[in-house]
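What you see is a predicted model, and the numbers here were worked out from it, not measured in a lab. Lettering of chains follows the sequences in order, A, B, ..., and the numbering in each one begins at 1.
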There are 2 protein chains.
Amino acid sequence: MAARDYGEYGGVTRALEIVGERWAMLIVRDLLVGPRRYGELAAGLPRIPTNILASRLKELQAAGVIHRVPRSRVIIYELTAYGRELEPIVLGLGAWGFKALDDPRAEQVITPDSLAIDLRSAFQPQVASTFPTTAYAARFGSAAVTLQVDGPTLLLGELDAPVDLSFAAGPDFRRLLSGDLPAQRAIASGEVEVLTGHSELLQRFTQTFRLAA
Amino acid sequence: MAARDYGEYGGVTRALEIVGERWAMLIVRDLLVGPRRYGELAAGLPRIPTNILASRLKELQAAGVIHRVPRSRVIIYELTAYGRELEPIVLGLGAWGFKALDDPRAEQVITPDSLAIDLRSAFQPQVASTFPTTAYAARFGSAAVTLQVDGPTLLLGELDAPVDLSFAAGPDFRRLLSGDLPAQRAIASGEVEVLTGHSELLQRFTQTFRLAA
DNA sequence: CGGGATCCCTTAGGATACTG
DNA sequence: CAGTATCCTAAGGGATCCCG
């Protein structure tokens, strides 16, 4: 770590020495969704070389951002309390980067963890509070997530209620989340296909999850 | 930019493709303090190679984060509105990294812009509101800043009032900002030297600028 | 089969010199 | 002062192999 520090004494440089290396912040992002195994992280970061993943995990562990937990014959990586403090920063980066998204290119994939974090950064708690509890199953491109919105809180992954609306869309979730493509028009044009549930609930979804473009 | 993107379609990856490269976020940090010329940026980032600075500036400009403004025979770089939206993220990174700071090493320097941002991330507006307007001139190691605290607002750099307290300290500003080293003890031990003004004002400073360790 | 380690090669980045 | 040009090293990409 001697050659790649910044030679400066300050909070921002220190943070970047820890999570500024290539791929590091994406590992943190995926672990914010939940604890993950080595192979799950590798699958969620399609282009990461395995040696880089291994060394980033060691570095993040040495810095106290993550720790490895042996759990019933397999090893689980999870964020420490200090690592979880990066959540607002990662969500902020997601919201900021969202505005710079172009159209999805053919070689780009959407991973479930990436989608989960984007939806969390789009989540509007105060709007959500105005609706009754709602469970969604959403698919964008090849990535699917289930979400349960319960008042001002958002639960990702595990549902304890039946799904109220499940829908599938193409990889371009930008226009739906930005409000650029209204829910009813998305359905009418076929850009969003409602699989189960009331199609009116898609409008509730787009009000609950909103990111400025 | 083809080989160094992440092959993923999402907000966080897009953000990191723009400001995730080495040195990029530090350029943004320094420009958050104010517009800067090429040479000023180079001076504020002591170890950046000049070719890297040049290419980062081009990339950030292409992404709409900064723009070059010719001003009276010299070129000024400044953040665009989109670039300024990174402010809470940079301040958050600063506060997060602050907690991981070790003792300053001999080869590490403190630059004025880095110090300015660290103090901004430490600024406590609600505490500041309880004090009358106060102007400080602070020096840590080789970096000096002037600050004017006016109610809940903080002005860096230009003062329109006489300095109420000026002091000098070593490069280790951690213990003072974390509250680990109380103001009076810092003065008694000589770790902080009050140059002009009432030494009691140092306590006001440490209450106004506070970062958890 | 999960969790890495090893290999080779490519490219970004560091150091320094140079130019309009 | 504001950058280019060059050369070289080290980090990252890609594939394969290893070990419990």
Nearest of D/dG12, C/dA5, C/dG13 to any side-chain atom of B/Glu21?
-> C/dG13
Hey, which of A/Val192, A/Thr134, A/Leu119, A/Val149 is the one that makes side chain to side chain contact (heavy atoms under 4.5 Å, CB included) with A/Phe205?
-> A/Leu119
To the nearest angstrom, how far is B/Arg56 atom CZ from C/dA12 atom P?
-> 10 Å
Of A/Tyr38 and B/Ser55, whose closest DNA chain C nucleotide lies nearer the 5' terminus?
-> A/Tyr38
When you get a sec, tell me which of C/dG14, D/dA15, D/dG13 is the closest nucleotide to the side chain of A/Thr50?
-> D/dA15
Among C/dA12, C/dA5, D/dA5, find the nucleotide with the atom closest to the side chain of B/Asn51.
-> D/dA5
May I ask you to say what A/Arg68 touches in the nucleic acid, namely base, sugar-phosphate or nothing, with a heavy-atom cut-off under 4.0 Å?
-> sugar-phosphate
Closest listed nucleotide, where the reference is the side chain of B/Pro49 and the choices are D/dG14, C/dA15, C/dA12 = C/dA15
For A/Glu78 and A/His67, test the side chains for any donor-to-acceptor distance below 3.5 angstrom and give the result as yes or no.
-> yes
State whether a side-chain donor-acceptor pair under 3.5 Å links B/Tyr9 with A/Ser114.
-> no
Atom-pair distance (CD1 on A/Ile75; C1' on C/dG4), nearest Å | 9 Å
Hey, does A/Arg73 reach any base, or is it just sugar-phosphate, or nothing, if we go heavy atoms under 4.0 Å?
-> nothing
Per atom distances to the A/Arg22 side chain, the nearest of D/dT16, D/dG12, D/dA2 is D/dG12
Between D/dG13, D/dG12, D/dT4, which one does the side chain of A/Trp23 approach most closely?
-> D/dG13
Rounded to whole angstroms, how far apart are OH on B/Tyr6 and C1' on C/dA12?
-> 13 Å
Let me know the distance between CZ of B/Arg47 and C1' of C/dG13, rounded to the nearest Å.
-> 13 Å
Please examine the side chains of A/Tyr6 and A/Glu17, heavy atoms only from C-beta on, and report whether any two atoms are closer than 4.5 Å.
-> yes
Mind checking what makes side chain to side chain contact (heavy atoms under 4.5 Å, CB included) contact with A/Ser55, not counting sequence neighbours?
-> A/Glu59
note: B/Ile48, atom CD1; D/dT4, atom P; distance rounded to Å ~ 14 Å
B/Ile52 CD1 to D/dG3 C1', straight-line distance once rounded to whole Å = 13 Å
In whole angstrom, give the distance that lies between atom NZ of B/Lys58 and atom P of D/dA2.
-> 15 Å
Among C/dG4, D/dA2, C/dG3, the one nearest A/Tyr77 by side-chain distance = C/dG4
Between B/Ile27 (CD1) and C/dG13 (P), how many Å, whole number?
-> 11 Å
